Number of protein chains: 2
Amino acid sequence: MVNAGKPGPGRSGRPRSGEERLSRQAILEAALRIVDAEGMDAMTMRRLASTLGVNPMSIYHHLPNKAAVFAGLAELVFGQLEAVTPDDSVRWQDELTNSARAYRDAVRAHPNLALQVLSDTAAVSDVVVVTVEPFYRALDRAGLEPRQIVEVVNTIIDFLHGFSLGEASVQAETFDLAPDLLRRVRGLPEGKAPTLTRVVRELGEIGLHYDFDSGFESGLALIVAGVETRFL
Amino acid sequence: MVNAGKPGPGRSGRPRSGEERLSRQAILEAALRIVDAEGMDAMTMRRLASTLGVNPMSIYHHLPNKAAVFAGLAELVFGQLEAVTPDDSVRWQDELTNSARAYRDAVRAHPNLALQVLSDTAAVSDVVVVTVEPFYRALDRAGLEPRQIVEVVNTIIDFLHGFSLGEASVQAETFDLAPDLLRRVRGLPEGKAPTLTRVVRELGEIGLHYDFDSGFESGLALIVAGVETRFL
DNA sequence: ACCTGAACACCGTTCAAGT
DNA sequence: ACCTGAACACCGTTCAAGT
């Protein structure tokens with residue numbers, strides 16, 4: 001990952017048509033590479049310009065400010081979300097969970113960006129319009145009423161966001177809860193959290209390890225079971 | 001909210017015991033006021049020092065860097081979470097939802113801090129140890145096995161985080177989805193999201209307005225129903 | 001130990017000027 | 001329209017020096 005270096009000498013003035021050195025798309029792609037490789041803090045306007053071999057100010061002709069760059073990145077990420085094609089031969093439960101998995105995958109492809117993506121309401125609601133269709137479809141097939149569909153979709157999206165946030169905040173895909181949690185629990189004043197203490201101890205003895213994949217699946221299963229019970 | 005102004009002249013050197021002008025607690029409380037009033041970006045070390053009437057560098061004797069200040073704020077927020085006292089006379093379902101409400105309330109008391117709070121894994125898991133006990137207790141009373149309890153608690157926390165993130169990102173407590181959503185949906189290419197389009201249209205006609213309170217409650221109800229179906 | 005002042009190596013963005 | 005260079009008003013943090 002070599003730095004493209006200084007903008008080079010002179011070369012000022014408007015480039016001829018077709019010779020533009022920059023575009024919104026090219027800028028966003030470069031920004032995404034920086035964020036993926038080195039995190040949000042490394043993505044400064046000056047750094048971005050430097051990797052593009054361009055004057056920092058040039059970027060402002062394509063995007064109004066730094067916030068717009070980040071918003072554009074959120075857009076990019078959701079644009080890469082794989083569309084779940086309608087298929088009446090799968091159970092609505094599977095259509096729902098497949099859609100949820102695609103959503104999770106899109107976010108975790110760029111963990112350094114998760115915080116930005118999940119908190120950028122504008123970007124989120126823009127894609128919600130497009131990416132949320134499979135959720136609507138699955139629940140419609142299940143036979144829910146419009147108001148119920150909206151409720152359930154919101155709940156699933158909230159779960160997806162919370163889960164993705166947690167997943168992105170941790171580097172490893174699987175890690176042992178046991179030592180960390182046991183140490184914390186041991187440090188607690190006697191009787192302060194008795195149930196927690198007991199549950200963790202019982203699990204600790206059989207060797208608990210948390211992994212995100214099964215945590216994700218069990219969360220989805222819980223919600224699906226809730227839908228079946230409440231609305232069918 | 002008047003600025004406390006410049007550190008004042010001279011007054012250098014170590015203060016006598018009991019005359020310290022600063023403390024970790026005082027610094028964090030000042031930082032929280034800034035964040036609550038003007039947001040995360042306004043909370044700079046120099047600004048913080050200025051409102052404390054102190055040299056910017058003084059802060060570094062109590063907290064190692066800016067990140068530590070933010071981490072301390074996350075701590076503070078969860079410290080304000082109201083403990084749910086054990087009470088066997090309430091149904092476990094109510095104990096669970098009451099605990100969830102307390103968690104939501106703690107986060108939304110400082111919306112500008114939500115992003116930091118929810119993504120600071122260290123802070124989150126530190127309080128999890130203490131604040132998660134009521135969730136464990138309720139599910140234990142319901143009769144779940146340890147492994148099931150952990151699964152369900154994680155799912156609820158994920159939902160809480162996703163929900164809180166969304167709630168914090170919006171200024172108003174209630175807002176009309178209709179105009180915004182209808183506009184977006186109208187702008188869609190024909191047939192691109194047919195179910196969404198239909199569902200939104202049906203709701204739009206009877207006048208949909210989303211409000212966070214009922215969205216929260218219906219999410220909780222869904223999860224509780226899932227627990228009852230899957231594990232009881 | 002606790003507070004200060006000057007300094008370093010950065011930022012995002014405005015503005016005037018080039019073609 | 002698109003790119004540049006200099007400048008403005010900031011940052012977080014290190015370091016040496018005070019008491």
Side-chain angles (χ1 to χ4, degrees), chain A residues 3-31 34-35 38-73 112 116 120, chain B residues 3-31 34-35 38-73 112 116 120:
Chain A
N3 197 321
K6 294 290 168 185
R11 211 55 75 222
S12 180
R14 181 185 186 189
R16 269 168 282 180
S17 172
E19 291 186 8
E20 291 86 356
R21 308 166 59 171
L22 249 38
S23 69
R24 195 186 121 94
Q25 189 67 18
I27 292 169
L28 291 180
E29 284 167 7
I34 295 174
V35 171
E38 304 177 44
M40 291 286 271
D41 288 346
M43 217 309 287
T44 69
M45 295 301 267
R46 293 170 121 103
R47 172 75 195 293
L48 177 56
S50 152
T51 74
L52 287 163
V54 119
N55 185 286
M57 288 308 100
S58 304
I59 297 168
Y60 288 82
H61 290 278
H62 302 269
L63 290 146
N65 52 43
K66 196 187 183 186
V69 174
F70 283 137
L73 290 183
N112 292 338
Q116 166 65 32
D120 186 334
Chain B
N3 196 319
K6 295 290 169 185
R11 211 54 75 222
S12 178
R14 181 185 184 185
R16 268 169 280 181
S17 170
E19 291 187 10
E20 292 86 356
R21 308 167 57 173
L22 250 34
S23 69
R24 194 186 121 96
Q25 189 68 15
I27 291 169
L28 291 179
E29 284 167 5
I34 294 174
V35 172
E38 305 177 44
M40 291 287 271
D41 288 347
M43 217 308 289
T44 69
M45 295 301 267
R46 293 170 121 104
R47 172 75 194 291
L48 178 55
S50 153
T51 74
L52 287 163
V54 118
N55 184 286
M57 288 308 99
S58 305
I59 296 169
Y60 288 82
H61 291 278
H62 299 89
L63 291 146
N65 51 42
K66 197 189 183 185
V69 174
F70 284 137
L73 291 183
N112 293 338
Q116 166 66 31
D120 186 334

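Every value quoted in this text rests on a predicted model; they were computed, and no experiment measured them. The sequence lines fix the lettering, A, B, ..., with proteins before strands; numbering per chain opens at 1.
- Spacing between C:dA1 and D:dA17 at atom C1', rounded to whole Å, works out to 14 Å.
- Under 4.0 angstrom from either OP1 or OP2 of D:dT4 there lies at least one side-chain N or O belonging to A:Ser58.
- For DNA chain D, runs of at least 3 consecutive pairs of the Watson-Crick or G-U wobble type, with both hydrogen-bonding distances under 3.5 angstrom, map to C:4-8 with D:12-16, C:12-16 with D:4-8.
- Phosphate proximity of C:dA1 to B:His62: absent, as no side-chain N or O sits under 4.0 Å from OP1 or OP2.
- Between A:Ala30 and A:Leu52 the shortest heavy-atom distance is CB-CD2, 3.8 Å.
- At whole-Å resolution of the value, CG in A:Asn55 and P in D:dA7 are 14 Å apart.
- Every residue two or more places apart in sequence or in another chain that forms a side chain to side chain contact (heavy atoms under 4.5 Å, CB included) with A:Asn112 is listed here: A:Val35.
- To the nearest 0.5 Å, the span separating CG on B:Leu22 from CD1 on B:Ile27 amounts to 4.0 Å.
- The side chain to side chain contact (heavy atoms under 4.5 Å, CB included) search around A:Ala26 returns A:Ser23, not counting sequence neighbours.
- For B:Arg24 and C:dC2, the CZ to P distance is 14 Å, given to the nearest whole Å.
- One finds the CZ atom of A:Arg47 at 5.0 Å from the CD1 atom of A:Ile34 (value rounded to the nearest 0.5 Å).
- For A:Met57, the side chain to side chain contact (heavy atoms under 4.5 Å, CB included) partners are A:Asn55, A:Tyr60, not counting sequence neighbours.
- Atom CG of B:Leu52 and atom P of C:dC3 are 11 Å apart (whole Å).
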For nucleotides 12-16 of chain D, print each protein N/O atom paired with a nucleotide N/O atom at under 3.5 Å, atom names and distance only.
unit_1 : atom_1 : unit_2  : atom_2 : d
D:dG12 : OP1    : B:Met45 : N      : 3.0
D:dG12 : OP1    : B:Lys66 : NZ     : 3.2
D:dG12 : OP2    : B:Met45 : N      : 3.0
D:dG12 : OP2    : B:Arg46 : N      : 3.4
D:dG12 : N7     : B:Arg46 : NH1    : 2.4
D:dG12 : O6     : B:Arg46 : NH1    : 3.0
D:dT13 : OP2    : B:Tyr60 : OH     : 2.7
D:dT13 : OP2    : B:Lys66 : N      : 3.0

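- For B:Arg46, there are no side-chain hydrogen bond (donor to acceptor under 3.5 Å, both in side chains) partners, not counting sequence neighbours.
- Note: A:His62 NE2 to A:Arg24 CZ = 11.5 Å, rounded to the nearest 0.5 Å.
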